[in-house]
2 protein chains.
Amino acid sequence: MSEFKNVTIIREANVYFNGGVTSRTIIFDSGCKKTLGVMMPGDYEFNTGSAELMEILSGDLDVLLPGADSWQTIKGGESFDVPANAAFKLKVKSLTDYCCSFLD
Amino acid sequence: MSEFKNVTIIREANVYFNGGVTSRTIIFDSGCKKTLGVMMPGDYEFNTGSAELMEILSGDLDVLLPGADSWQTIKGGESFDVPANAAFKLKVKSLTDYCCSFLD
């Protein structure tokens, strides 16, 4: 368990894929933004605006990163980067808890 | 949309009912604690420790409060109180976004 201190949290959830993916947005004093989210098992495709660091807190998924030929397996405690203005695909195999940091 | 400022958020999600209900815990300077959560459609029974104020930000559910004979319909923008050390049942009819405040 860890925590973020002195943050602002948007009260309302972000809901994607009929609730397959939900998150809350937190904003730091520096203006940096992260989302803390949960993904139910399923297949998803996301489009980035900013570059993102996806930290997987718990769960199991495969990710197809932009330009990649093969899927990469990611488990709790691992992370991956996604460039700005790109699409990536996920196969979420078990309920996945994540922290997404927006990098620019 | 509204926000809570200067809070601490526990990074890891709380997961109940195989992900049917997930939430994040936020702690205020005063020590007060709330959870911001999402409930997928389904039937759930919860047990309280502290008394709780459940604010439904969006969604539709029926609640059977402790000692009540009949179910009460609750929609986004409405709320209900649950006493400490009690059990209550929910029938969540559409994805429900909530804010739960622990009152003692």
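Just so it is clear: chains get the letters A, B, ... in the order the sequence lines come, proteins before strands, and each one is counted from 1.
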Item to complete: May I ask you to list the residues in residues 76-98 of chain B that approach chain A closer than 4.5 angstrom, counting heavy atoms only, ordered by number?
Response: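 Counting heavy atoms that sit under 4.5 Å from chain A, the residues of residues 76-98 of chain B involved are Leu95(B), Asp97(B), Tyr98(B).
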Worksheet entry | Residues in residues 31-64 of chain B near chain A [non-hydrogen atoms, under 4.5 Å] |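 Within residues 31-64 of chain B, near chain A: Leu36(B), Gly37(B), Val38(B), Met40(B), Glu55(B), Leu57(B).
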Practice prompt. Applying side-chain contact (heavy atoms from CB on, under 4.5 Å), run through Thr8(B) and Val7(A) and close with a yes or a no.
Written response: CA-CA 6 Å; Thr8(B) 293; Val7(A) 298; over 6 Å; no
Discussion item. Checking an interface table here. Which of residues 22-29 of chain A come within a heavy-atom distance under 4.5 Å of chain B?
Written reply: Thr22(A), Arg24(A), Ile26(A)
Discussion item. Would you compute the distance between atom CD1 of Ile9(B) and atom CD1 of Ile9(A) and round it to the nearest 0.5 angstrom?
Written reply: 3.5 Å
Fill in: Point-to-point distance, once rounded to the nearest 0.5 Å, from CD1 of Ile10(A) to CD of Glu3(B)
5.0 Å
Worksheet item: Is the backbone of Ser2(A) close enough, under 3.5 Å, to the side chain of Glu12(B) for a donor and an acceptor to pair up by distance?
Response: yes
Practice prompt. Quick one: list whatever passes ring pair (Phe, Tyr, Trp, His ring centres under 6.0 Å) with Phe102(B), sequence neighbours left out.
Written response: none
Worksheet entry | Val21(B) reachable from Leu65(B) in the ILVMFWY side-chain graph, under 4.5 Å edges |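 Yes, same cluster.
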